[in-house]
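Notes to accompany the following structure.
Throughout, a chain's letter reflects where its sequence line sits, starting with A, and its residues are numbered from 1. Just the heavy atoms: all of them, side chains too, but no hydrogens, waters or symmetry mates, feed the values below.
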There are 2 protein chains.
Amino acid sequence: MQVSKSLDYAVRSLTYIAKEDAKVFTIRDISEKQHIPQNYLAKIMRKLVQKGLLSSSPGPEGGYSLRKSTGDISLKDVYEAIEGDMQLIDCMEKNVVCELFNSCSQRSVWDHLQLHTLNFLNDISVEDIASNNFRNKAE
Amino acid sequence: MQVSKSLDYAVRSLTYIAKEDAKVFTIRDISEKQHIPQNYLAKIMRKLVQKGLLSSSPGPEGGYSLRKSTGDISLKDVYEAIEGDMQLIDCMEKNVVCELFNSCSQRSVWDHLQLHTLNFLNDISVEDIASNNFRNKAE
DNA sequence: CCAGCGACTTACTTACTTGCAAAGCAACCT
DNA sequence: AGGTTGCTTTGCAAGTAAGTAAGTCGCTGG
């Protein structure tokens with residue numbers, strides 16, 4: 001149970017963008033400042049573009065820019081852009097009604113944990129992280 | 001961010017043990033009833049033995065048995081037996097003081113989530129899951 | 001004491017994540 | 001038009017989780 005590098009990098013990049021005044025950011029800039037492998041970061045940024053969090057443009061003066069205010073981007077948004085819908089556990093057989101479904105007591109435990117986690121992530125915006133302001137909400 | 005199969009299997013096995021009256025359980029029994037690959041389960045059970053949750057004995061009449069009451073085994077215990085100490089994210093450079101440490105705003109977010117998660121797991125025992133009783137505590 | 005049972009161990013696939021490298025493509029500037 | 005810039009895509013290598021296969025070791029009942 002771990003936060004993937006991809007998600008960590010995505011949050012790190014968006015937080016960096018939120019902190020700086022610039023309008024447009026290049027991969028090279030972010031990757032150097034945040035110590036993220038360039039080509040790997042490219043794949044991550046692509047996902048954030050596809051999910052509508054960022055827009056991108058090639059060429060000189062090109063780069064990535066925000067599509068909406070960082071205050072309107074929650075960690076849940078970032079999570080889902082990178083990882084898709086959260087699913088803390090896969091049921092035993094994918095795409096099949098699990099044979100053990102009825103006697104499966106622990107499923108509801110993971111469901112609860114997942115719900116708690118999603119609520120937690122949903123209450124924190126990128127802006128909150130950039131301004132170190134998230135504690136007020138989390139507590 | 002997902003619960004590993006290993007942890008899921010471990011919880012599933014212990015819950016199964018908690019529900020049944022028997023004193024001793026074989027790999028074959030658990031693996032058949034819970035649909036867990038035998039040889040993979042063997043490795044998981046080994047960890048639970050090494051961490052003192054179960055004891056094991058070979059030969060006829062052998063198998064695994066509980067070392068303490070399932071009410072005294074929390075999900076946190078199981079987690080740590082299988083995965084070791086929880087670490088939701090690895091800092092950028094392992095075993096090195098991170099260069100970005102001071103400007104690293106998101107670390108405390110993950111720290112909070114980790115703390116919440118550990119508290120959640122710590123409050124639920126295997127017995128609670130087996131008796132479908134955990135909601136009372138979680139809410 | 002020895003054969004069978006069941007835990008334990010090792011080695012080998014398979015798939016996914018992370019990371020690296022290089023090539024392709026679009027916009028812009030001269 | 002052509003070259004620079006920066007996004008985009010593809011392929012490959014290493015590491016880890018998950019699963020498979022097959023063998024080793026120790027207890028115990030006949």
Side-chain angles (χ1 to χ4, degrees), chain A residues 1-10 12-13 17 22-51 53-65 67 79 82-84 87-94, chain B residues 1-13 17 22-51 53-67 79 82-84 87-94:
Chain A
M1 197 170 160
Q2 252 196 308
V3 172
S4 69
K5 285 284 184 192
S6 295
L7 178 57
D8 184 37
Y9 290 160
R12 190 181 298 279
S13 300
I17 289 176
K23 285 269 186 291
V24 177
F25 299 80
T26 66
I27 291 258
R28 183 208 291 253
D29 175 29
I30 300 173
S31 107
E32 281 178 1
K33 298 284 174 46
Q34 292 296 312
H35 297 69
I36 301 172
Q38 275 203 29
N39 298 306
Y40 193 46
L41 180 56
K43 293 171 193 167
I44 293 167
M45 297 301 271
R46 192 79 255 284
K47 287 187 182 175
L48 297 180
V49 169
Q50 285 173 332
K51 299 296 175 175
L53 302 187
L54 297 174
S55 59
S56 65
S57 59
E61 311 293 307
Y64 298 92
S65 49
R67 259 243 170 87
Y79 182 99
I82 300 297
E83 316 255 12
Q87 190 147 19
L88 268 194
I89 55 163
D90 297 325
C91 266
M92 294 299 284
E93 340 272 335
K94 296 185 183 178
Chain B
M1 198 169 157
Q2 253 197 310
V3 172
S4 70
K5 285 284 185 194
S6 294
L7 178 56
D8 184 36
Y9 290 160
V11 174
R12 191 181 299 278
S13 300
I17 289 176
K23 286 271 186 291
V24 176
F25 298 80
T26 66
I27 291 261
R28 182 207 292 246
D29 175 29
I30 300 173
S31 108
E32 280 177 2
K33 299 285 175 43
Q34 294 295 311
H35 297 68
I36 302 172
Q38 275 204 27
N39 297 306
Y40 193 46
L41 180 57
K43 295 172 194 168
I44 293 168
M45 297 301 270
R46 194 77 256 284
K47 286 187 183 177
L48 297 180
V49 170
Q50 286 173 332
K51 299 295 176 177
L53 302 187
L54 297 174
S55 59
S56 65
S57 57
E61 311 293 307
Y64 299 91
S65 50
L66 287 166
R67 260 249 170 82
Y79 182 99
I82 299 297
E83 316 257 12
Q87 190 147 19
L88 269 193
I89 55 163
D90 298 326
C91 267
M92 295 299 285
E93 340 272 336
K94 295 186 183 177

Quick one: D90(B) CG to dG15(D) C1', roughly how many Å, whole number?
13 Å

Could you walk me through whether M1(A) and V3(B) satisfy the side-chain contact (heavy atoms from CB on, under 4.5 Å) test, starting with their C-alpha distance in whole Å, then the side-chain angles of each, then the deciding distance to 0.1 Å, before giving a yes or no?
CA-CA 5 Å; M1(A) 197 170 160; V3(B) 172; 4.3 Å; yes

Report the distance from atom CG of L54(A) to atom P of dC7(D), rounded to the nearest whole Å.
11 Å

Quick one: is dC7(D) close enough that its OP1 or OP2 comes under 4.0 Å of any side-chain N or O from R46(A)?
no

Side chain to side chain contact (heavy atoms under 4.5 Å, CB included) involving Q38(B) - partner list, sequence neighbours excluded
I27(B), R28(B), S31(B)

Send over the distance from I44(A) CD1 to dT9(D) P, rounded to a whole Å.
15 Å

Check whether more than 12 heavy atoms from other residues, nucleotides or ligands sit under 6.0 Å from atom CD of E32(A), and answer yes or no.
yes

In whole angstrom, give the distance that lies between atom CD of Q2(B) and atom P of dT16(D).
19 Å

For DNA chain C, note the earliest and the latest nucleotide, 5' to 3', having some atom under 4.0 Å of a heavy atom belonging to chain A.
dT18(C) to dC28(C)

Could you give the OH-to-C1' distance, from Y9(B) to dG19(D), as a whole number of Å?
8 Å

Applying side-chain hydrogen bond (donor to acceptor under 3.5 Å, both in side chains), can you list everything that pairs with T26(A), at least two apart in sequence or on another chain?
none

H35(B) NE2 to dA18(D) C1', straight-line distance once rounded to whole Å
18 Å

To the nearest Å, how far apart are L41(A) CG and dT9(D) P?
14 Å

How does protein reach along nucleotides 21-30 of chain D, written 5' to 3' as B (base within reach of a heavy atom under 4.0 Å), S (only sugar-phosphate), or - (no contact)?
BB---BBS--

Q50(A), CD atom: more than 12 neighbouring heavy atoms under 6.0 Å
yes

For dT8(D) and Y64(A) - does any side-chain N or O of the residue sit under 4.0 Å from the phosphate oxygens OP1/OP2?
yes

Given atom NZ of K47(B) and atom C1' of dA18(D), what is their separation to the nearest angstrom?
12 Å

Could you pick out which residue, F25(B) or S4(A), lies toward the 5' side of DNA chain C when each is mapped onto its nearest nucleotide?
F25(B)

S57(B): side chain to side chain contact (heavy atoms under 4.5 Å, CB included) partners, not counting sequence neighbours
none

Mind listing the closest non-hydrogen atom pair of Y79(B) and G84(B) along with its distance?
CE2-O, 3.6 Å

Would you name the heavy atoms of I36(B) and R12(B) that are closest together and state the gap between them?
CD1-CD, 4.1 Å

What donor-acceptor contacts under 3.5 angstrom involve side-chain atoms of residues 39-47 of chain A, with partners at least two apart or in another chain?
unit_1	atom_1	unit_2	atom_2	d
Y40(A)	OH	S6(A)	OG	2.7
K47(A)	NZ	I82(A)	O	3.4

